[in-house]
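Here is the structure we will look at, set down as structure tokens.
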Amino acid sequence: MQRIYFNEVVTRDGFQNEPEFVPTDVKVNLIDALSLCGYAKIEVTSFTSAKSIPMLRDAEEVMGRIRRAPGVEYTVLVPNVRGAERAMESKADEFNLVMSTSETHNLSNLRMPRERSFAGLKEVVELANGRVPINVSLSACFGCPMEGEVPQAEVIAWADRFADLGVRGLTICDTTGMAHPDQVSRMCEALRARFPNLQLTLHFHNTRGMGLANVMAAAQQGIDRYDGSLGGLGGCPYAPGASGNISTEDAIHMLQAVGYETGIDLELLLAVARRLPHVVGHEVPGQVAKAGRTLDLHPEPAYVAELRSKFE
Ligand code: ZN
């Protein structure tokens with residue numbers, strides 16, 4: 001049975017798009033609950049400036065207060081050297097660096113050309129200097145909402161440059177939900193052949209309903225690491241109202257159904273997922289938390305017993 005590893009990103013990627021501040025206590029409780037569910041990693045927060053993402057202004061406090069479960073890596077988003085110093089201070093287990101493979105997407109999101117981003121992130125890798133493992137999340141790998149399809153060769157070229165810096169892992173992100181399963185298959189095949197020794201993670205959004213189909217396509221190519229967001233939280237600025245990241249619990253439910261070993265206690269995870277709407281103050285897109293698992297059976301209606309005896 002193939003083992004799949006999950007990285008929960010709800011308190012970073014998910015919360016980052018929420019309009020109402022989630023209190024620090026609530027964040028800490030949520031992460032502590034998630035820590036017991038069987039994740040390989042949890043992306044706790046982001047060490048960006050409080051001004052750019054007010055929701056995550058309590059990064060130090062959250063990192064200092066969570067109860068770290070053995071076997072779980074607590075990773076954080078690090079945008080620059082300043083963030084890396086703060087993350088180092090907070091004893092993050094991994095730095096997750098982000099840049100886009102599309103020039104226009106990078107300019108619009110990070111407000112600088114890709115080469116500037118790369119130079120800045122290279123400094124972070126040098127600062128970490130092998131003391132903290134580095135993961136690089138490459139955004140818009142399957143398409144850019146302004147430029148269109150991003151060629152696979154472009155993605156591989158950026159991946160190569162980070163691999164040359166000695167990073168431990170790469171996350172290939174479908175940031176705006178433009179990937180389809182065929183494209184995902186081809187990308188995963190190419191990545192696995194080229195980077196057999198890197199930790200490869202896939203990050204999908206369900207913006208157009210293809211999120212779980214894309215997970216399946218990647219899993220069939222042997223990809224064993226995924227980002228997921230509890231409840232499918234995390235919007236997309238280019239698709240207002242659309243769903244965000246794939247819902248972790250829906251993805252786990254699917255993968256377990258087809259026979260993958262995920263290490264996740266789904267029942268426990270669903271209990272946490274059902275609390276999420278109260279945490280954020282609105283409904284969330286995840287489906288299994290609402291519908292229940294496939295084999296959570298319902299009691300038969302009383303009239304069914306009557307019909308049974310009538311037709312005996
Ligand atoms: Zn995302």
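Please read all numbers here as calculations on a predicted model, not as lab measurements. One-based numbering, in listed order, for ligands and for the atoms of each.
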Handout entry: Donor-acceptor pair between Tyr226 and Thr248 side chains, under 3.5 angstrom
Key = no
Problem - N/O donor-acceptor pair under 3.5 Å between Asn129 side chain and Arg131 backbone - result: no
Exercise for the section: May I ask you to check whether Asn245 brings an N, O or S atom to under 2.8 Å from the Zn ion (ligand 1)? Expected result: yes
Exercise for the section: Have a look at Asp13 and say which of its N, O or S atoms is nearest the Zn ion (ligand 1). Expected result: OD2
Handout entry: NE2 (His205) - the Zn ion (ligand 1) - NE2 (His203) angle, nearest 10°
Key = 100°
Problem - Nearest-0.5 Å distance that lies between atom CZ in Arg225 and atom NZ in Lys41 - result: 6.0 Å
Problem - the Zn ion (ligand 1) contact by Asp227, N, O or S atom under 2.8 Å - result: no
Exercise for the section: Go through the side-chain N and O atoms of Thr175 and His105 and say whether any donor and acceptor fall under 3.5 Å apart. Expected result: no
